Structure formats: structure tokens, C-alpha cells
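Because the structure is predicted, anything quoted here is derived from the model rather than measured.
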Amino acid sequence: MKKIVLLRHGESAWNKENRFTGWTDVDLTEKGVAEAEKAGETLKEYGFNFDKAYTSYLKRAVKTLNCVLDKMNLDWIPVEKNWRLNEKHYGDLQGLNKAETAGKYGEEQVLIWRRSYDIAPNPLSEKDLRNPHFDYRYHEVPDAELPRTESLKDTIERIMPYWESDIFPSLKTAHTLLVVAHGNSLRGIIKHLKNISDEDIVKLNLPTAVPYVFEFDENLNVSNDYFLGNPEEIKKLMEAVANQGKKK
Ligand SMILES: O=C(O)[C@H](O)COP(=O)(O)O
């Protein structure tokens, strides 16, 4: 049976500080490395063996992938990085503390910015040095395609060309693929795979470094999906992610 495993990176420095991160390239914390290693061990215990892995251009995802592959003795497999798997761009919220932002603008508004399907935060200004336009790693991407902010809808629209042209077609020859990315870029992929409505996607919160397995039938339709781990613990981790947008 063909499988794709989706994995959000381990805890990052700004996850720990509860700050909006988006395209900011922050590193993993020690806890984040440990979470990534645990994910690798879990995948190994369950007998996973990946043919190829995909990740974003952001180091919290790249390093998580490296930890997982190391634990699985799969350092040798082909890995493809693509900017299209980056996190949702959080516009001018990037760097702000989520609880403080909820205190200032209200929890409802923060929920809209974090989880709504088609509402994006205010964009970064053109001159803002955090604008991806100034970052050499994106120099081959046409400027019109580089975001200054994104809704989940925008994020899905930039991921899908890569999903449809590279990741999904490689399932025809590969058996099992690993995609290590981000809370919202993965919500976008999950929305697509499970056909989740624009309303229901608001409720999905992905915990860091918990493998999410999708199984496909012979026609490459999704036949099953499940997280690896203790369901009660995973539920608590999901609630903790949701609560990051609450006032202190
Ligand atoms: O970019 C971020 O801040 C995180 O990766 C995801 O944050 P969220 O859970 O607030 O969307």
C-alpha cells in the first residue's frame, strides 16, 4: 500500500516564545530536536521506510527531516527542498507574540488570522527587509509569486502546483514518501487530501513532530489516515496549539 507521511517540524525558538513565525527562518529548540528524533524513532518502530523526502526552504523543517532520517538510517535517500512547502506567510504579524496580539486585537481576530480559510494578515511593506524579495534563497522565484502575506487559500494555491507536478506523481513509482513542512502548509495539504470544507479547516491544529500517515488505494485515492502516537496525548497537543491564540 502506498503511503505519504506528513510531519510538522519540531518546536522552534518562536514556537517556544509563542510568536508568529511564517517565513522567518528560526531554528529548532533542544526540545524541537528531541521531538524530531522521537518522530524518527516512532517511524522506525512502525516499520516505515521512505523512498524520497520533501521539505521546505526553512531550517526548522530541514533540520527536523535530517533528525528523522538520521534516526531511521535513511540519510541516503533523495531529498527535495522547495520554497512552495514553506509555512503560510504571516505578513506583518511575523515576530509578534500571539497571546499579546490576542490581548490587543481580540481572540476572535487572532483566530481569523491564524485559522480562517481566506483572510490574510496585513502584508509586509515592500521596503521591509523581511520581504522575501530581498532574500537570496528565493532569487529564482518570480517576484510576483513571492508572498508579502498569505491566507490559507493563498498558501494552498502556491503549494498545489508543486504537489501536483512533483510530490503526488512520484507515488506512482515510490512506495512511501515523507513530507516535512509546517503547521499551515500541511493544513493546506490535508484540506486537499481529505476534502475538508473551508469552515471545518478552522478547527484543525497540527502538533509539532507527530507523524500523520495517509494511505492510498490502487487508484491513489486516500483510503485511510491516522496519527502515529497516543490519541489522548495528541488531542492535548492539538488543544495546546489552539490555545496559543488565547489572551494570557
Ligand atoms: O508560523 C507560525 O507561527 C507557526 O508555524 C504556525 O502558527 P499558527 O499555529 O499560529 O498558525
Q: Might you confirm whether atom NZ of Lys31 has over 12 heavy atoms from other residues, nucleotides or ligands at distances under 6.0 Å?
A: no
Donor-acceptor pair, distance only, cut-off 3.5 Å: does the side chain of [X] make one with the backbone of [Y]?
X      : Y      : result
Lys81  : Ser56  : no
Arg158 : Asn86  : yes
Asp75  : Asn66  : no
Asp92  : Pro123 : no
Lys191 : Ile201 : no
Glu150 : His89  : yes
Asp128 : Leu124 : no
Ser12  : Asp27  : no

Q | Non-hydrogen atoms of Arg187 and Leu206 that approach each other most closely | A | N-CD1, 4.3 Å
Q. So Tyr90 and Trp14, ring pair (Phe, Tyr, Trp, His ring centres under 6.0 Å) or not? Walk me through it.
A. CA-CA 13 Å; Tyr90 255 119; Trp14 282 15; over 10 Å; no
Taking 4.0 angstrom as the limit, do [X] and [Y] come out as a salt bridge?
X      : Y      : result
Glu11  : Arg60  : no
Lys247 : Glu107 : no
Arg137 : Asp25  : yes
Lys104 : Glu100 : no

**Q.** Near-ring test Tyr138/Tyr136, centroid separation under 6.0 angstrom
**A.** no
Q: Return yes if a side-chain donor-acceptor contact under 3.5 Å exists between Arg115 and Asn205, otherwise no.
A: yes
Q. Going by atom types alone, do Asp143 and His133 pair a side-chain donor with an acceptor below 3.5 Å?
A. yes
Q) What distance do Phe134 atom CZ and Lys127 atom NZ have between them, rounded to the nearest 0.5 Å? A) 9.5 Å
Q) Within 45° of the ring axis of Phe216 and under 6.0 Å from its six-membered ring centre, is that where the NZ or CZ of Lys3 lies? A) no
Q. Which is it for Glu41 and Tyr46 under the side-chain hydrogen bond (donor to acceptor under 3.5 Å, both in side chains) test, yes or no, and what are the steps along the way?
A. CA-CA 9 Å; Glu41 278 158 8; Tyr46 277 86; over 6 Å; no
